Amino acid sequence: MINFVPMTLFLTGSPTRFGEPSFTEDNGFLADVKASLAAVTGPDRLPRVLLVSAAPDDKGFTDSVLKGMSECIHASGIETGQIVMLERSNAAQAPKLVKWAHWIILCGGHVPTQNKFIHEIGLKALMQDFQGVVMGCSAGSMNCADDVYSHPEMPGEAIDPNYKRWLKGLGLTHIQLIPHFEQVRYATVDGLRLFEDIAFPDSWGHRFYTFRDGGYVKVKDGRAELRGEAFEISRGAMRRISEENKSYTFMNLIFISPHFPSTYWHFCAGAKANGVNVLGIADTDYWNLPMELRSSLTDYYQVHNLENYDEIYRAVSWFAHKWGKPDWIESNNEYWLEQDARLRTDFNVTSGIQNDHIAAIRNKSEMKKYYALGGIPTARQIKCAEGLAKVQAFVHKTGYPVIAKPDSGMGASGTFKFQNDVELKEWFQAHAHDYQYFVLEEFITGLLVSYDAIYNAQGEPIFENNTVFPTPIMEIVHSNLETCYWTNKTVPAKLAAIGRRTVKAFGIKSRFVHLEFFQLDHDRAGLGKKGDYVGLEVNMRPPGGYTPDMMNFAHSTDVFQIWADMIAFNEARKPQGEQYFCAYAGRRDGRAYKHTTAPISAWPSAYPPPWPMTCAILPIWPASRRRRIFNNSLIM
């Protein structure tokens with residue numbers, strides 16, 4: 001069992017490059033350690049340092065390690081208070097020393113010897129509530145794991161049938177290391193190659209990580225990130241997972257229905273590129289999944305029915321057993337929001353929306369309460385379950401037209417517009433079996449816009465976008481109209497402000513959001529002035545269709561990767577380039593149009609554009625031809 005405690009843990013082979021006298025600055029290590037110590041002690045105190053010996057009964061070795069580590073720390077420019085070595089002579093003081101320390105360093109040496117000592121002094125229990133910085137060096141890093149892989153290293157251990165390769169450790173991480181990649185890659189023990197003959201066979205059912213001195217793993221707030229060139233050993237083979245000055249993140253993301261929408265494999269690819277284990281659950285045979293998706297998944301579980309919660313629960317349980325506790329459960333799909341929340345609650349995954357908050361983002365009647373908390377104006381509303389008489393009384397206050405829509409639902413499906421009492425009454429009669437599931441709202445005229453954003457764990461936006469829909473979706477659906485909309489180069493300041501207020505009011509963190517607003521086309525009492533924004537609906541997922549691709553083109557970035565960076569690193573690591581408008585225009589099947597799409601398909605090589613360059617209806621082009629034109633969209 002891993003103890004997730006509010007400490008910062010560094011796992012190293014050595015905090016120095018081989019032969020160097022001070023902590024390495026490579027991969028940001030020294031700066032990271034200094035910042036972590038400063039966060040513990042503040043600016044006015046020097047950290048008290050406790051070293052834990054790997055040879056507690058060897059006085060000469062212990063003294064040399066104390067001297068060498070003290071000199072190395074100070075040569076690195078880290079000022080400290082007293083530095084104490086915990087070994088046999090002061091073992092009885094371990095409880096007092098652990099409480100005294102700001103920084104605990106588990107020293108290198110012989111893994112089984114140190115492991116025996118930490119159990120003798122009860123170090124695991126003593127460190128359970130430790131809130132400082134912990135650093136492992138070599139054997140010390142290995143003993144930080146819950147299940148320690150103690151590979152043979154001394155003569156006779158590889159051929160000793162009583163030698164224990166698996167030990168119980170401190171339970172600070174699940175990561176099992178083989179330190180000092182450069183020094184041990186071709187090492188032998190008792191005539192056996194450490195990697196090919198020992199570690200590779202032992203890796204079936206396990207994963208070991210090895211990296212050069214200068215690389216390290218940082219664990220903070222349940223997130224583990226490996227920095228520097230590194231390799232994973234698993235299933236009898238080794239593969240490179242990271243390079244110098246790059247990162248690999250140890251996390252488990254369970255992605256529900258990654259095959260739909262078809263573009264969602266990009267989310268999986270981005271997460272896997274960040275070192276996340278992407279574990280897919282869907283109702284499709286694995287080999288029927290697109291190749292891009294298959295290559296983006298670490299593991300896959302097929303269910304017969306995605307709506308069967310028992311099946312999904314068993315799938316998540318299997319992944320938890322095989323890969324460890326899930327860090328994220330996500331679909332980025334409106335349809336599965338409730339199921340996602342239930343799974344997170346049942347598996348104690350705290351990185352997303354839980355059961356107790358799902359109604360606030362699914363039910364339009366509940367949304368009103370949170371809009372009010374943020375001071376965000378919204379259309380007046382009544383539940384149709386109140387009955388026809390009360391609904392008619394409500395309408396006599398607001399006036400016609402009014403809109404009826406499902407309390408829990410998405411998009412414009414199932415939405416009705418009434419112009420008078422007769423239409424309203426007829427609808428109630430026709431929906432006598434289900435009107436109680438609808439809400440009725442006053443009709444607001446204005447420009448439909450969206451505020452799209454990705455938020456980190458602190459509730460701060462790391463990406464923002466604005467999309468404009470000149471023809472409301474409801475009219476497109478009800479009147480069978482063509483679709484046309486565009487993404488803006490920038491987000492208007494007033495929209496960004498009300499969008500951020502809305503996210504804060506709903507308490508949303510670590511999510512992609514798509515919030516819809518009306519921009520009033522005239523002054524409206526109780527709602528605002530012309531040009532003000534009125535809350536329409538919150539959607540806690542990316543916008544639909546190819547809009548994420550349009551945002552990529554408009555902002556010269558990759559929102560799929562930004563979301564994946566938020567998952568792995570809680571920040572955006574994908575920059576934005578030049579800003580554009582990006583427009584979408586669609587055609588309806590079965591209609592005759594004046595112009596065909598042939599000139600567009602051939603442009604720019606064969607034809608000059610026969611239209612002003614504002615929008616286009618485009619087929620899918622080869623990547624080499626598309627450049628800034630894709631599907632049905634054109635960059636402006």
Side-chain angles (χ1 to χ4, degrees), residues 2-17 20 22-52 69-70 72-84 86 97-108 123 126-138 140-145 170-175 177 179 209 211 213-228 230 242 245-251 275 456-458 568-571 573:
I2 307 302
N3 297 321
F4 292 107
V5 294
M7 68 171 63
T8 301
L9 173 65
F10 292 94
L11 304 175
T12 75
S14 169
T16 71
R17 288 287 192 186
E20 294 183 355
S22 60
F23 288 4
T24 182
E25 296 184 26
D26 295 342
N27 299 298
F29 178 70
L30 178 58
D32 212 348
V33 171
K34 286 182 175 179
S36 298
L37 290 170
V40 172
T41 63
D44 302 322
R45 290 190 298 169
L46 297 178
R48 298 187 292 265
V49 187
L50 177 65
L51 310 182
V52 180
M69 183 59 76
S70 299
C72 184
I73 290 172
H74 295 146
S76 305
I78 301 175
E79 296 184 63
T80 69
Q82 188 178 3
I83 301 178
V84 175
L86 177 58
L97 289 171
V98 170
K99 289 183 179 180
W100 165 85
H102 300 114
W103 185 11
I104 296 177
I105 300 176
L106 296 143
C107 300
L123 188 59
L126 296 178
M127 293 183 65
Q128 192 163 4
D129 297 318
F130 184 71
Q131 298 186 20
V133 176
V134 177
M135 185 173 79
C137 302
S138 192
S141 292
M142 297 167 76
N143 276 316
C144 284
L170 291 171
L172 302 179
T173 179
H174 59 75
I175 299 169
L177 298 183
Y209 298 91
F211 46 83
D213 292 348
Y216 66 103
V217 175
K218 179 183 178 182
V219 184
K220 176 67 175 175
D221 298 329
R223 293 173 180 257
E225 181 180 352
L226 191 159
R227 297 178 181 174
S242 184
N245 299 308
K246 292 190 177 180
S247 299
Y248 179 94
T249 302
F250 299 86
M251 299 180 70
N456 65 14
Q458 288 71 47
F569 310 120
N570 196 39
E571 64 184 16
R573 296 189 174 181

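Predicted model only: the values in this text are computed from it and were never measured. All heavy atoms count here, side chains included; hydrogens, waters and symmetry mates do not.
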Trainee: Identify all side-chain donor-acceptor contacts of residues 33-43 below 3.5 Å with residues at least two apart in sequence or on another chain.
Mentor:
unit_1 : atom_1 : unit_2 : atom_2 : d
Ser36  : OG     : Asp32  : O      : 2.9
Thr41  : OG1    : Leu37  : O      : 3.2
Thr41  : OG1    : Arg45  : O      : 3.4

Trainee: To the nearest 0.5 Å, tell me how far Asn143 CG sits from Cys107 SG.
Mentor: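 These two atoms lie 12.0 Å from each other.
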Trainee: Using every non-hydrogen atom in the two residues, find where Met135 and Trp103 come nearest and quote the distance to one decimal.
Mentor: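 Answer, listing the atom of Met135 first, then Trp103: CB-NE1, 3.7 Å.
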Trainee: Quick one: list whatever passes side-chain hydrogen bond (donor to acceptor under 3.5 Å, both in side chains) with Thr80, sequence neighbours left out.
Mentor: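 His74.
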Trainee: Minimum heavy-atom separation for Leu86 and Leu97, please, with both atom names.
Mentor: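 Where Leu86 meets Leu97 most closely, the heavy atoms are CD1-CD1, 3.9 Å.
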Trainee: When you measure from the side chain of Ser76 to the backbone of Ile78, do you find a donor-acceptor pair of N or O atoms at a distance under 3.5 Å?
Mentor: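 Looks like no, no N/O pair under 3.5 Å.
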Trainee: To the nearest 0.5 Å, how far apart are CG in Leu177 and OG in Ser141?
Mentor: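 One gets 6.0 Å once the value is rounded to the nearest 0.5 Å.
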Trainee: So, for Ser22 and Cys72, which heavy atoms are closest and what is the spacing to 0.1 Å?
Mentor: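 Smallest heavy-atom distance, with atoms named: CA-SG, 3.8 Å.
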Trainee: Show the nearest heavy-atom pair for residues Arg17 and Asp26, with the distance to one decimal.
Mentor: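 What the structure gives for the nearest pair is NE-OD2, 2.7 Å.
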Trainee: Minimum heavy-atom separation for Gly13 and Phe211, please, with both atom names.
Mentor: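 In this case the closest contact between Gly13 and Phe211 is N-CE1, 3.9 Å.
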Trainee: For Glu571, what residues pass the side-chain hydrogen bond (donor to acceptor under 3.5 Å, both in side chains) criterion, not counting sequence neighbours?
Mentor: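 So Glu571 forms a side-chain hydrogen bond (donor to acceptor under 3.5 Å, both in side chains) with Arg573.
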Trainee: Give the ring-plane orientation class for Tyr209 versus Phe250, where under 30° counts as parallel, over 60° as perpendicular and anything between as tilted.
Mentor: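 Because their plane-to-plane angle is over 60°, the rings of Tyr209 and Phe250 count as perpendicular.
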Trainee: May I ask you to test the Phe29-Arg227 pair for a side-chain heavy-atom distance under 4.5 Å?
Mentor: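 A side-chain contact under 4.5 Å is absent here.
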Trainee: If you count the non-hydrogen atoms of other residues, nucleotides and ligands that lie under 6.0 Å from NZ in Lys246, is the total more than 12?
Mentor: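 At most 12 heavy atoms, drawn from other residues, nucleotides or ligands, come within 6.0 Å of this atom.
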Trainee: Taking atom CG of Asn27 and atom OH of Tyr216, what is their separation to the nearest 0.5 Å?
Mentor: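 Nearest 0.5 Å value for the CG-OH distance: 6.5 Å.
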Trainee: So, do Met7 and Leu172 sit near enough that their side-chain heavy atoms are less than 4.5 Å apart?
Mentor: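 Side chain of Met7 against side chain of Leu172, heavy atoms only: contact under 4.5 Å found.
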Trainee: Quick check: does any side chain N or O of Thr16 sit under 3.5 Å from a backbone N or O of Thr24, one acting as donor and the other as acceptor?
Mentor: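 No, the answer is negative, given that no donor and acceptor are paired below the 3.5 Å cut-off.
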Trainee: If you measure from CG on Asp213 to CD on Glu20, what distance do you get to the nearest 0.5 Å?
Mentor: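 Here the interatomic distance stands at 10.0 Å.
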Trainee: For Asn456, give me all partners under side-chain hydrogen bond (donor to acceptor under 3.5 Å, both in side chains), at least two apart in sequence or on another chain.
Mentor: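 Testing Asn456 for side-chain hydrogen bond (donor to acceptor under 3.5 Å, both in side chains), a comparison that skips the adjacent residues, returns Glu460.
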Trainee: I need the Met127 CE to Cys144 SG distance, nearest 0.5 Å.
Mentor: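 Going from the CE atom of Met127 to the SG atom of Cys144 covers 6.5 Å.
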Trainee: Between Val52, Leu9, Leu106, which is the residue that forms a side chain to side chain contact (heavy atoms under 4.5 Å, CB included) with Leu170?
Mentor: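 Of the listed options, the one satisfying the test is Leu106.
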Trainee: Check Val217, Leu226, Val134 against Leu11 for a side chain to side chain contact (heavy atoms under 4.5 Å, CB included) and give me the one that passes.
Mentor: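 In the set Val217, Leu226, Val134, the residue that makes a side chain to side chain contact (heavy atoms under 4.5 Å, CB included) with Leu11 is Val217.
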Trainee: Please list, chain by chain and in numerical order, all residues satisfying side-chain hydrogen bond (donor to acceptor under 3.5 Å, both in side chains) with Ser242, sequence neighbours excluded.
Mentor: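 Not a single residue meets the side-chain hydrogen bond (donor to acceptor under 3.5 Å, both in side chains) criterion with Ser242.
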Trainee: I'd like to know whether CD of Glu79 has more than 12 heavy-atom contacts from other residues, nucleotides or ligands below 6.0 angstrom.
Mentor: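 No, because the 6.0 Å sphere around CD of Glu79 holds 12 heavy atoms or fewer from other groups.
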Trainee: Please check this pair: side chain of Thr173 against backbone of Ile175, looking for a donor-acceptor N/O pair closer than 3.5 Å.
Mentor: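 Yes.
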Trainee: Are Thr8 and Val219 side-chain neighbours, meaning at least one heavy-atom pair lies under 4.5 Å?
Mentor: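 No, every pair of side-chain atoms sits at 4.5 Å or beyond.
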Trainee: Which value, rounded to the nearest 0.5 Å, describes the distance between Ile104 atom CD1 and Leu126 atom CG?
Mentor: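 Ile104 atom CD1 to Leu126 atom CG measures 8.5 Å (nearest 0.5 Å).
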Trainee: My understanding is that only residues two or more places apart in sequence, or in another chain, count here; which of them pass salt bridge (Lys or Arg N to Asp or Glu O under 4.0 Å) with Arg48?
Mentor: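 Checked Arg48 against salt bridge (Lys or Arg N to Asp or Glu O under 4.0 Å); zero matches.
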Trainee: Show the nearest heavy-atom pair for residues Pro47 and His102, with the distance to one decimal.
Mentor: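 Heavy-atom minimum between the residues: CA-ND1, 3.5 Å.
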